[in-house]
Structures are given as structure tokens and as C-alpha cells.
Amino acid sequence: MLEKIEKLKEEISGVIAGSLEEVEQLRIKYLSKKGSISALMADFRNVPAEQKKEVGQKVNELKTMVTEKIAALRESFALNGDRELEELDLTRTETPMELGTRHPLSIVKNEILRIFEGMGFTIAEGPEIEDDWHVFESLNFAPDHPARDMQDTFFISRNPADILLRTHTSSVQTRVMEKTQPPIRIVCPGRVYRNEAISARAHCFFHQVEGLYIDKNVSFADLKQVLLGFARQMFGPETKIRLRPSYFPFTEPSAEMDISCDICGGKGCAFCKWTGWVEILGCGMVDPNVLKACGIDPEIYSGYAFGMGIERITNLKYKVKDLRMFSENDVRFLREFEAAN
Ligand code: DAH
């Protein structure tokens with residue numbers, strides 16, 4: 001009996017199989033009811049009592065060995081099968097297709113939104129075709145404000161001159177405020193249009209991100225802290241900011257924000273025109289007239305707003321000198337942003 005077991009062990013350690021069917025035949029040969037191991041078991045009752053323990057152990061060892069061997073053989077075929085399936089990619093094109101790259105303005109827009117989302121802002125969007133009320137009137141523009149001039153704004157309907165292409169994303173502030181009571185904390189990315197001659201420094205369309213925070217007891221200090229946090233995340237932890245008084249119809253007080261020039265570190269160079277500072281956005285405390293126009297009580301709530309040009313931020317970050325490059329879509333230019341994707 002012990003001899004038979006040893007012989008079987010040797011035989012089994014040498015078996016090979018060429019296919020899954022052959023593995024199945026091996027299983028039947030050794031492990032099925034009519035297989036060699038069952039036959040050994042049947043003989044077991046003839047083993048003298050004093051050998052039963054030893055023989056029993058050996059038969060068990062043999063059974064484990066065969067079971068493991070067959071499982072291993074089966075697995076090797078199953079794996080090969082999977083690999084073949086993995087290599088068969090039905091979505092692959094016959095010839096390799098070139099991958100595009102994200103547009104630099106999208107890269108920068110996503111980065112801006114990510115930073116503000118990290119500070120608790122949510123994203124809101126509005127239409128590019130707007131009416132006078134959302135773009136101008138609700139935002140406290142006087143009827144004779146120069147921005148309402150045909151020279152600056154693309155009007156779609158002439159008489160009355162009411163439907164137009166939005167000139168700034170501040171219109172999204174109005175759209176959100178007229179539907180939502182505070183607290184409101186949003187950033188609004190989007191394309192805006194102005195009737196400008198196209199040059200290296202101006203375009204008839206460009207992109208902005210607007211920010212708005214309305215709640216009880218919002219102060220100018222809150223605005224400054226959020227903008228400092230943004231500037232440092234966008235341009236590096238050493239970045240300094242400064243606010244200069246300015247004017248916008250929809251904020252009071254209003255300011256423009258500069259950041260320390262990241263080329264010369266504030267020492268002064270040709271890029272910052274030897275001032276050490278570059279302007280990046282407009283901001284201020286939301287004018288009570290704007291809150292009133294949108295059905296929010298200025299006696300209870302206050303808030304701040306800010307607006308920045310995505311092209312401007314991209315210029316500063318990637319030193320793109322000519323605005324026209326953003327809309328020409330020259331692949332050699334776009335490829336330069338591959339690493340930033
Ligand atoms: N709407 C302004 C523009 O297009 C940018 C702006 C300035 C937005 C100040 C604001 C702000 O929300 O508070 O030039």
C-alpha cells in the first residue's frame with residue numbers, strides 16, 4: 001500500500017496538461033469516485049491495524065497534493081484566458097489616435113474653482129445671452145452708465161436695447177440672489193463679451209470667475225482673508241496682496257487687488273512695470289441697492305463680491321503675452337500645457 005502511494009506521488013508530481021480539458025481528465029483520473037485515490041481508500045480496510053495511522057496520513061497527504069496540483073493547473077489556464085480577453089480592446093481604433101490636451105484657460109479655471117471650493121464656495125452658472133436688468137440695472141448701473149453704450153456691449157435686440165451678451169459674470173450674482181436667501185457662497189465661471197477691437201491686449205470675448213458671499217455680519221476683513229488665501233494657493237505661499245480703492249457700481253466700498261509680482265518677487269521688473277505689483281481682480285462689499293433689487297434685506301445681511309479675468313490669471317501664471325493665442329487654437333501653443341494637464 002505504501003509503495004502504491006509513493007508511486008502515485010511521483011506520477012502526479014510529473015503530470016502536465018495542455019488544456020483545460022486535459023486538467024479535467026486528470027481530475028477524473030485521480031479524484032473522481034472511480035479514480036485512483038478512491039481505489040486506495042477502498043483498499044484501506046485491508047491495511048493491518050498497526051499501519052492504519054501511517055497509511056491514513058500518507059493517503060491524506062496524497063489527496064491534498066493532487067487537489068492542489070489540479071487547482072494550480074486549472075488556474076494557469078484560466079489566467080491565460082483572461083489575459084487574452086484583456087488584450088482584446090473593442091474600443092481601440094485601427095490606427096493610433098492622438099490625444100488632445102486641456103486648454104490653458106480650462107486648466108486655470110479648474111484650479112481657481114478648486115481653491116474656492118476648498119474654502120466652502122459652490123459653483124453657479126448663468127446664461128451668456130442676458131437682459132439689461134441682470135447685467136446692469138439690478139447691479140446699480142445708472143441708466144446713462146457708459147458700459148451700456150453700444151461701443152462696449154453687444155446688443156441682440158435694438159429696440160428696446162434689452163437683450164444682450166453679458167459683459168461680466170456679475171449677472172450670475174443677481175440670478176442666484178433673486179432665487180436664494182442667504183447664506184450664499186458661490187463662484188461663477190463663464191464667458192463674457194465686449195465690443196472691443198481684437199489685439200494682443202483685448203478681445204471681444206474672454207472669461208471671468210465671479211465670487212459672492214452673503215450672510216449676517218460679513219465684513220471687508222473676511223473678503224481680504226479669502227482673497228489672500230486664494231492668492232497664496234494660486235501663486236505660492238510667499239505671495240503678498242494689496243488692495244487699492246476703486247469704483248464699481250455694484251460694490252461700496254470697492255477695491256482692486258494687486259499681488260506681488262511673482263517674476264521679480266516684488267523688487268520691480270519690466271513685467272510689473274517696475275512697481276513690484278500686478279493687478280489681478282476687482283472686489284468690494286455688495287452695495288445695499290443690489291441686495292434690495294434681489295429681495296435680500298440689507299439691514300440683516302451684508303456680503304462681498306469679487307471678479308477676476310481667467311485670461312489675466314493665466315497670463316500671470318504662464319506668461320502668455322498675446323491674448324489672441326487663447327482663441328487661435330494653434331496646437332503647438334496648446335501642447336505647451338501638456339505637463340500642467
Ligand atoms: N464685473 C467686474 C468687471 O467685469 C469685475 C468685478 C469687480 C466683479 C468687482 C465684482 C466686483 O464682483 O466686486 O470688470
Side-chain angles (χ1 to χ4, degrees), residues 109 112-113 116 121 123-128 130 132-142 145-149 151-154 164-178 182 184-196 201-215 218-227 230-231 241-259 278-291 293-294 296 298 301-313 315 323:
K109 178 188 77 179
I112 296 170
L113 296 179
F116 283 108
F121 288 77
I123 298 167
E125 284 177 310
E128 290 178 17
E130 265 292 8
D132 181 273
W133 196 79
H134 287 94
V135 175
F136 297 125
E137 197 169 330
S138 63
L139 291 165
N140 207 30
F141 281 79
H145 192 282
R148 290 184 160 178
D149 195 332
Q151 307 263 303
D152 294 304
T153 305
F154 288 115
L164 45 92
L165 293 177
R166 67 180 176 193
T167 55
H168 55 184
T169 44
S170 304
S171 53
V172 188
Q173 286 187 21
T174 313
R175 292 221 165 249
V176 172
M177 281 193 280
E178 63 189 356
I184 296 169
R185 188 160 23 190
I186 49 165
V187 273
C188 322
R191 181 173 291 170
V192 300
Y193 300 83
R194 286 187 201 172
N195 193 358
E196 304 250 15
R201 306 186 46 144
H203 211 293
C204 58
F205 68 82
F206 55 99
H207 301 80
Q208 294 185 326
V209 174
E210 185 82 13
L212 176 74
Y213 178 39
I214 313 279
D215 205 345
V218 179
S219 73
F220 203 93
D222 298 326
L223 169 64
K224 199 171 169 185
Q225 190 59 32
V226 158
L227 292 180
F230 165 72
I241 62 167
R242 81 174 178 188
L243 291 157
R244 285 177 288 102
S246 184
Y247 173 78
F248 301 102
F250 36 90
T251 44
E252 181 59 37
S254 304
E256 274 169 316
M257 187 175 97
D258 299 338
I259 57 165
V278 286
E279 188 205 315
I280 67 161
L281 56 82
C283 60
M285 300 306 291
V286 178
D287 194 295
N289 286 339
V290 175
L291 295 176
C294 299
I296 291 173
Y301 295 107
S302 57
Y304 60 69
F306 55 85
M308 67 186 88
I310 302 178
E311 278 80 353
R312 174 84 187 140
I313 307 280
N315 271 338
L323 265 183

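Just follow the structure's listing: the first ligand is 1, and inside any ligand the first atom is 1.
Under a 3.5 Å cut-off, the side chain of H168 and the backbone N or O of V135 do form a donor-acceptor pair. With R166 contributing its side chain and G190 its backbone, the two residues share no donor-acceptor pair below 3.5 Å. In this structure, N140 contributes its side chain and P249 its backbone to a donor-acceptor pair below 3.5 Å. Checked by atom type and distance alone, the side chain of S254 pairs as donor or acceptor with a backbone atom of F248 at under 3.5 Å.
Side chains of H207 and E311: a donor on one and an acceptor on the other come within 3.5 Å.
Here R312 does not pair with E279 in a salt bridge; the nearest charged N to carboxylate O distance is not below 4.0 Å.
The proximity of M285 to ligand 1, defined as any non-hydrogen pair under 4.0 Å, does not occur for either the backbone or the side chain. With a 4.0 Å cut-off on non-hydrogen atoms, Q173 touches ligand 1 through its side chain and not its backbone.
Atoms of ligand 1 lying under 4.0 Å from at least one heavy atom of S170, given by number and element, are 1 (N), 8 (C). Atoms of ligand 1 found under 4.0 Å from any heavy atom of G282 (numbered from 1 in listed order, with element): 7 (C), 9 (C), 11 (C). Heavy-atom contacts of T251 reach the following atoms of ligand 1: 13 (O) (cutoff under 4.0 Å). Contact atoms of ligand 1 toward G284: 13 (O) (distance under 4.0 Å to a heavy atom of the residue). Of all atoms in ligand 1, listed by their number and element, those nearer than 4.0 Å to a heavy atom of R194 are 3 (C), 4 (O), 14 (O). Near Q208, meaning under 4.0 Å from one of its heavy atoms, ligand 1 places the atoms 3 (C), 4 (O).
Here the heavy atom of the protein found nearest to atom 12 (O) of ligand 1 is E210 OE2, 2.5 Å. Remark: minimum distance from atom 2 (C) of ligand 1 to any protein heavy atom is reached at F250 CZ, 3.9 Å. Of the protein's non-hydrogen atoms, the one nearest atom 13 (O) of ligand 1 is A305 O, 3.2 Å.
Counting heavy atoms from C-beta on, the side chains of D152 and T167 never come closer than 4.5 Å. The shortest distance between side-chain heavy atoms of F206 and L323 does not fall below 4.5 Å.
For atom 5 (C) of ligand 1, the candidate residues are C188, S171, S246, G307; the nearest heavy-atom contact is made by G307.
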